[in-house]
Amino acid sequence: MPSIEQTFTLQVPSSTVNLAMIREFVARVGGMAGFGENDVAKLELAVDEACANVIEHAYDSDTTKQVSVRATFDDEQIQIEIIDRGRGFDPSSIPQQDLDQLIAQRRSGGLGLRLIRTIMDDVQYQIVPGEKNELRMVKKIRKP
Amino acid sequence: MPSIEQTFTLQVPSSTVNLAMIREFVARVGGMAGFGENDVAKLELAVDEACANVIEHAYDSDTTKQVSVRATFDDEQIQIEIIDRGRGFDPSSIPQQDLDQLIAQRRSGGLGLRLIRTIMDDVQYQIVPGEKNELRMVKKIRKP
Amino acid sequence: MPNAFSVNRREEGSVVILSLVGFLDAHTAPLFEKAIGDEHTSGRNEIVADCAGLTYISSAGLGVFMSFLEEIREAGGDLKLAAIIPKVYQVFEVLGFPALFDIAPSVEQALVNFSNGIRGGE
Amino acid sequence: MPNAFSVNRREEGSVVILSLVGFLDAHTAPLFEKAIGDEHTSGRNEIVADCAGLTYISSAGLGVFMSFLEEIREAGGDLKLAAIIPKVYQVFEVLGFPALFDIAPSVEQALVNFSNGIRGGE
Ligand SMILES: Nc1ncnc2c1ncn2[C@@H]1O[C@H](COP(=O)(O)OP(=O)(O)O)[C@@H](O)[C@H]1O
Ligand SMILES: Nc1ncnc2c1ncn2[C@@H]1O[C@H](COP(=O)(O)OP(=O)(O)O)[C@@H](O)[C@H]1O
């Protein structure tokens, strides 16, 4: 049987209240793609982190803006793209700090990108500030 | 407080298996818009009917095609657009048959458009066959 | 999963009770169509659709009821509905089903109606 | 609703137990931040986060634990976690929380650890 590709897209206003809806969307698509319960939970988390970053950093919590989540899967992998038209950033400029350093600095953030990179098998940013910023993440489907 | 408009979009492959996901989406957005439980159930039904028509009639169950559902609401109403690029049709040419006639003819269909028109306050088709067919439906939010 | 649907079958004397559970939409209607079709084909025409577990119905599900009613009645039987929850009942109601179908508040009542020869829409 | 979240508070001797229920994400984290902040401000620095009802956590929720740990320990107290369900625990684990926080299997054990002066990451 040839592997048929399926694409699902969700676009919502840039507000953290919509993260729950984004997670539900990812859970449903991840389940259809064939991921088990634990991997679905991880996918939800990675997409939540990426969208929370867009909402808070790319759009500075401007709820008139839109966040897009596009998920495409076949038999082998799921690719999830998070698209915004906000400020953008240089991912290579973000230092990866250890947890004990963050705690010593009383930081409440700085773990999102690490979670995304830990969960997903491939993570790529394509940033064109103010025009179109795209985070493309891939996770392979491990058959039981 | 000025009424802020919010837009949510879901796009899925044209397959009846995705109707459940479309209903979940509508339920969530309808709830955010302020509809009560019964009206949310009606919204789910109207959108399900419209999307089932697109899947079965506009696209002849070709699952490589996409169905879009776009919901915009403010304090007063929700507008839901169902968009396809399939065959299209002339809504005015569809006779409204009564239930007893349909039963006498052993028909299993013919109730969808009636349900949509009964549930929604305004229903408009803009059909450009093969290019872009749009069903725009509006339901007013009745405050308790 | 809000697209889960199943039909469970049991008999009560000459009557077949089909219990519908879950979401009856364009995706799941063929399952219900087959279940009713199988009864009709095998000559069982006294059928109660127990809707207590039916949480959603769209016109594709309503269509199954519509398309079999005449044949089943012509064969001397009836297709009765029972125990529909209010949220689902409002859909039947909007389309005028109560005038044409025998809709009973419980499966027990539907069985009583069968023994009394009661039909809907008469 | 998968964005519902609440914090329930109770005391056990000198220890405050905050029970987290629901989804702790970037939307709901400020609620939890306020709950812990209120304890710290009022001088209550022996805190157990009872996570038995916590069904989801993202880095925004983890950040609340991170940002208060030092201050609470400097004030002579501790912020302990208890009864984390496996699905949520895997997130704490991936980020190395078990090396730095005292994570107990139950609230009772966290209370015992408080009376024995046990901290995490030592
Ligand atoms: N989509 C984005 N747009 C703009 N800046 C971002 C984006 N994602 C991450 N960043 C930047 O990278 C930093 C680290 O992100 P992250 O690891 O998720 O931690 P946090 O969001 O908690 O600060 C952010 O503080 C922000 O400066
Ligand atoms: N989106 C659509 N694209 C093409 N044809 C449609 C569409 N919607 C409805 N139709 C036509 O209108 C008819 C009536 O639709 P409806 O009342 O929903 O009943 P049913 O779909 O059960 O036949 C359909 O049989 C079909 O021919």
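For the numbers below, each heavy atom of this structure counts, side chains included, while hydrogens, waters and symmetry mates do not. Chain naming here is simple, since letters A, B, ... match the order of the sequence lines and numbering starts at 1 in each. Source: prediction; values computed, not measured.
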Contact winner vs chain C - B:Leu111, B:Asp100, B:Ile103, B:Thr118, heavy-atom pairs under 4.5 Å: B:Ile103
Toward chain B, the part of C:Glu71 with a non-hydrogen atom under 4.5 Å: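 C:Glu71 touches chain B through backbone and side-chain heavy atoms alike.
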Please flag which part of C:Leu95 lies under 4.5 Å from any non-hydrogen atom of chain B: side chain, backbone, both or neither.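 Contact with chain B involves both backbone and side-chain atoms of C:Leu95.
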In sequence, state the C-alpha distance, the side-chain angles, and the governing distance for C:Arg119 and C:Asp102, and then conclude on salt bridge (charged side-chain N to carboxylate O under 4.0 Å, His left out). CA-CA 5 Å; C:Arg119 281 185 179 186; C:Asp102 182 21; over 6 Å; no
I would like to know whether C:Glu46 and C:Arg44 meet salt bridge (charged side-chain N to carboxylate O under 4.0 Å, His left out); could you show each step before the answer? CA-CA 6 Å; C:Glu46 296 184 309; C:Arg44 307 292 303 243; over 6 Å; no
Residue B:Glu37 versus chain C: region with a heavy atom under 4.5 Å: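 For B:Glu37, no heavy atom lies under 4.5 Å from chain C.
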Would you say the side-chain atoms of B:Tyr125 pair up with the backbone N or O of B:Phe89, donor to acceptor, closer than 3.5 Å? no
Shortest non-hydrogen pair, C:Val88 vs C:Tyr56, comes out as CG2-N, 3.8 Å
